[in-house]
Amino acid sequence: MADPLTDLEAALAQMAGTPVALERPADAAHGDYATNVALRLTGTQRRPPRDIAADLATAAESLPAVERAEVAGPGFVNLFLGDGWFGGALGSILGAGDSFGAGSPAKAERVQVEMVSANPTGPMTVASARNGAYGDSVARLLTFAGHEVEREYYYNDSGAQMDRFRASVDARRRGEEPPEDGYHGEYIHRLAAQDGDPVPRMLASIEGSLERFRVHFDSFAKQSELEARLPEFLPRLDTYEKDGALWARSSAYGDDDDWVLVRSAEQGGLPTYRAADVAYLADKLDRGFDRAIYVLGADHHGTRKWYAAVARMLGYDPERVEVLLYQLVHLTKGGQATKMAKRRGDVVFLDEFMDEIGVDAARWYLVSRGHDQTIEIDIDLAAESSRANPVYYVQYSYARIAGILRNAEVAVAGSGPVGELAREERDLVKRLAEFPAVAAEAAVRRAPHAIPTYAIRLADDFHRFYHEHKVLGSESESFRLGLVTATQAVVERCLGLIGVEAPERM
RNA sequence: GCGCCCGUAGCUCAGUGGACAGAGCAGCGGACUUCUAAUCCGCGGGUCGCAGGUUCGAAUCCUGCCGGGCGCACCA
């Protein structure tokens with residue numbers, strides 16, 4: 001079932017003979033919606049855009065939803081909609097219920113989102129948390145878009161870094177300093193106080209932090225197990241030997257270089273992490289995922305071509321492999337940059353961050369700017385400035401509506417409006433009607449930050465409406481109850497898409 | 001040197017071809033016997049890094065330059 005805005009676009013498209021995109025003009029004098037379709041058609045129709053626009057405007061006025069249509073500027077068609085359209089739009093939003101804005105793709109994909117995948121040599125850091133906040137929100141968007149999504153965490157349980165990590169814990173157990181190239185953080189002491197392999201314990205701690213951060217993993221993959229399966233996949237690869245090592249001829253498949261899969265005897269003769277990459281990629285796609293999404297920090301951007309090359313080499317469509325990059329988190333302390341070096345231990349851990357500003361503000365903060373934008377966090381200012389986090393502004397709109405609904409005596413009917421609609425009511429309905437397009441585009445572009453941006457605008461329209469109009473006891477009570485009910489549901493959906501809770505009271 | 005990303009208000013950032021470029025924070029000034037003032041309203045604030053190009057139209061696309069971040073292993 002289509003949403004109200006799409007329905008209107010479809011009706012206009014029929015008249016124009018081409019797809020029509022409606023947008024909301026910045027200036028209210030330009031109508032409820034406008035389209036530039038006449039400007040786009042001027043090339044193919046070889047007619048002045050204003051002539052085309054005039055024809056479309058005349059045709060549009062025959063639609064029951066359209067009160068009047070005007071040609072403006074170089075050839076825009078501005079549409080002024082009647083109250084009937086707003087009532088109908090709200091009705092269909094309420095009718096759609098939980099599925100309002102949800103996608104129903106022609107072919108639903110099975111998607112794996114692999115994210116975080118930090119080696120368990122220390123607690124979750126804020127830097128890695130951006131990976132989780134971003135990847136998990138993309139996963140939620142894809143689920144809402146109608147796909148079947150699983151989240152996986154991949155970690156190295158046996159490499160050189162892990163050896164150094166274990167050696168560092170062992171050193172502490174003997175009462176010695178960890179090796180120079182080992183791990184020196186305070187948490188090493190705590191691990192040393194307990195017996196056994198510290199790796200599973202560290203991994204459990206990471207998982208716990210991520211669960212608290214509302215990032216849940218369906219599965220975990222170990223590098224050692226995948227490495228062991230390398231012989232299965234080697235015959236499918238294009239390889240050669242050079243300097244005693246086994247190389248993948250990835251440069252012939254779109255990468256810039258060839259890479260070593262198995263080290264030479266002098267270098268130990270063990271497989272590299274790239275060998276595990278090969279096995280892992282084949283494993284993912286063989287497990288039946290239509291699409292394998294890797295969520296990686298910008299420092300790994302060089303591996304983008306590598307994954308595509310591996311897919312080609314293995315005989316898979318590289319379109320099935322997608323690498324999502326996000327820029328890094330830079331921490332500063334009172335303006336002074338600190339390097340995020342886990343080994344030195346001078347980092348901000350996710351748990352501290354959540355203690356400091358709360359899970360909601362933390363998730364909002366890490367996902368609300370574009371993933372191509374580097375995030376600067378001044379850890380001295382983070383707690384203070386978090387009070388101004390717009391997440392509370394959005395949550396407050398939800399809580400305010402919850403208050404209205406608690407006080408409402410009648411069940412929400414959501415009938416048509418009584419009398420003429422107010423500007424704030426129309427604006428709010430239009431904002432709600434935008435949501436399906438916002439959610440769909442955010443999913444396609446893997447850009448969850450569009451959701452907080454939209455949610456702020458929605459809350460803005462609601463707060464303005466709330467300030468100007470009484471819901472309970474008004475002549476339009478039934479209509480307005482429907483309006484705020486729909487608003488509350490969309491706010492909740494937006495928050496849910498980025499892993500933030502919707503509080504009944506604040 | 002090569003590659004990826006970024007440069008928009010004092011600060012943090014939206015805005016991937018449309019109308020006079022937006023929001024939050026910060027600053028100043030207003031609004032609570034009311035369904036929650038964590039709210040609302042107003043004011044000030046801009047060479048969209050710079051220069052060319054494409055287009056009826058460019059913050060947005062292309063080229064070059066200048067700044068900044070991150071990479072270029074038989075580490076992961």
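Predicted model, so just to flag it, every value in this text is computed and none were measured. Each chain gets a letter, A, B and so on, in the order its sequence line appears, and its residues count up from 1. All values below were derived from every heavy atom in this structure, side-chain atoms included, with hydrogens, water molecules and symmetry-related copies excluded.
In summary, A:Arg431 and A:Glu434 engage in a salt bridge, as defined by a charged side-chain N under 4.0 Å from a carboxylate O. A:Asp427 has no carboxylate O lying under 4.0 Å from a charged side-chain N of A:Arg464, or vice versa, which leaves the two without a salt bridge. Salt bridge absent: A:Lys305 and A:Asp257 never bring a charged side-chain N and a carboxylate O closer than 4.0 Å.
Stacking is not found between A:His449 and the pyrimidine-like six-membered ring of the B:A14 base under the 5.5 Å centre-distance and 30° plane-angle cut-offs.
The 5' end of RNA chain B is approached more closely, in terms of each residue's nearest nucleotide, by A:Thr42 than by the other of A:Thr42 and A:Pro271. Remark on RNA chain B: of its neighbouring residues A:Gly73 and A:Arg400, the 5'-side contact belongs to A:Gly73, judged by nearest-heavy-atom nucleotide.
Spacing of P atoms, B:C48 relative to B:U60, comes out at 10 Å, to the nearest Å. Nucleotides B:A76 and B:A59 are separated by 39 Å at their C1' atoms, to the nearest Å.
The cationic atom of A:Lys284 (NZ for Lys, CZ for Arg) lies less than 6.0 Å from the six-membered ring centre of A:Tyr294 and within 45° of the ring axis. Judged by the 6.0 Å and 45° rule, A:Lys242 forms no cation-pi pair with A:Tyr240. For A:Arg387 and A:Tyr392, the positive end is not near the middle of the six-membered ring at less than 6.0 Å and at most 45° from its axis.
A:Tyr393 comes within 4.0 angstrom of sugar-phosphate atoms only, judged by non-hydrogen atoms across all strands, and of no base. Nucleic acid contact class of A:Ala72 (heavy atoms, under 4.0 Å, all strands): base. Using a 4.0 Å heavy-atom cutoff across all strands shown, A:Asn156 reaches sugar-phosphate atoms only and no base atom. Looking at heavy-atom distances under 4.0 Å, A:His463 makes contact with sugar-phosphate atoms alone, never a base. In this structure, A:Leu39 reaches the bases: a heavy-atom distance under 4.0 Å links it to at least one base atom across the strands shown. Nucleic acid contact for A:Gln395: none, since no nucleic acid atom lies under 4.0 Å from a heavy atom of the residue.
Taking the ring centroids of A:His463 and A:Tyr393, they lie under the 6.0 Å cut-off.
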Its contact letters, B for base, S for sugar-phosphate only and - for none at protein heavy atoms under 4.0 Å, make nucleotides 25-34 of chain B read S---------
The contact string for nucleotides 1-7 of chain B, one letter per nucleotide 5' to 3', using protein heavy atoms under 4.0 Å with B, S and - for base, sugar-phosphate only and none, comes out as --BSSS-
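Rounded to an integer number of Å, the gap from A:Arg24 CZ to B:A14 P is 21 Å. Rounded to an integer number of Å, the gap from CG of A:Asp255 to C1' of B:C72 is 11 Å. Atoms CG (A:Leu226) and P (B:A76) sit 14 Å apart, rounded to a whole Å. Atom CG of A:Asp51 is separated from atom C1' of B:C56 by 14 Å (rounded to the nearest Å). Between the CD1 atom of A:Ile375 and the C1' atom of B:C13 there is a distance of 11 Å, given to the nearest Å.
A donor and an acceptor atom sit less than 3.5 Å apart, one in the side chain of A:Ser264 and one in the base of B:C74. A donor and an acceptor atom sit less than 3.5 Å apart, one in the side chain of A:Asn78 and one in the base of B:A19. One can find a donor-acceptor pair under 3.5 Å joining the base of B:C20 and the side-chain atoms of A:Asp27.
Looking at the side chain of A:Pro390, the nearest of the listed nucleotides B:G24, B:C70, B:A38 is B:G24.
A donor and an acceptor atom, one from each side chain of A:His469 and A:Glu424, are located under 3.5 Å apart.
Remark: A:Asp163 CG to A:Asn156 CG distance equals 9.0 Å, nearest 0.5 Å.
A stem is defined here as three or more consecutive Watson-Crick or G-U pairs, each with both distances under 3.5 Å; for RNA chain B these stems are B:1-7 with B:66-72, B:10-13 with B:22-25, B:27-31 with B:39-43, B:49-53 with B:61-65.
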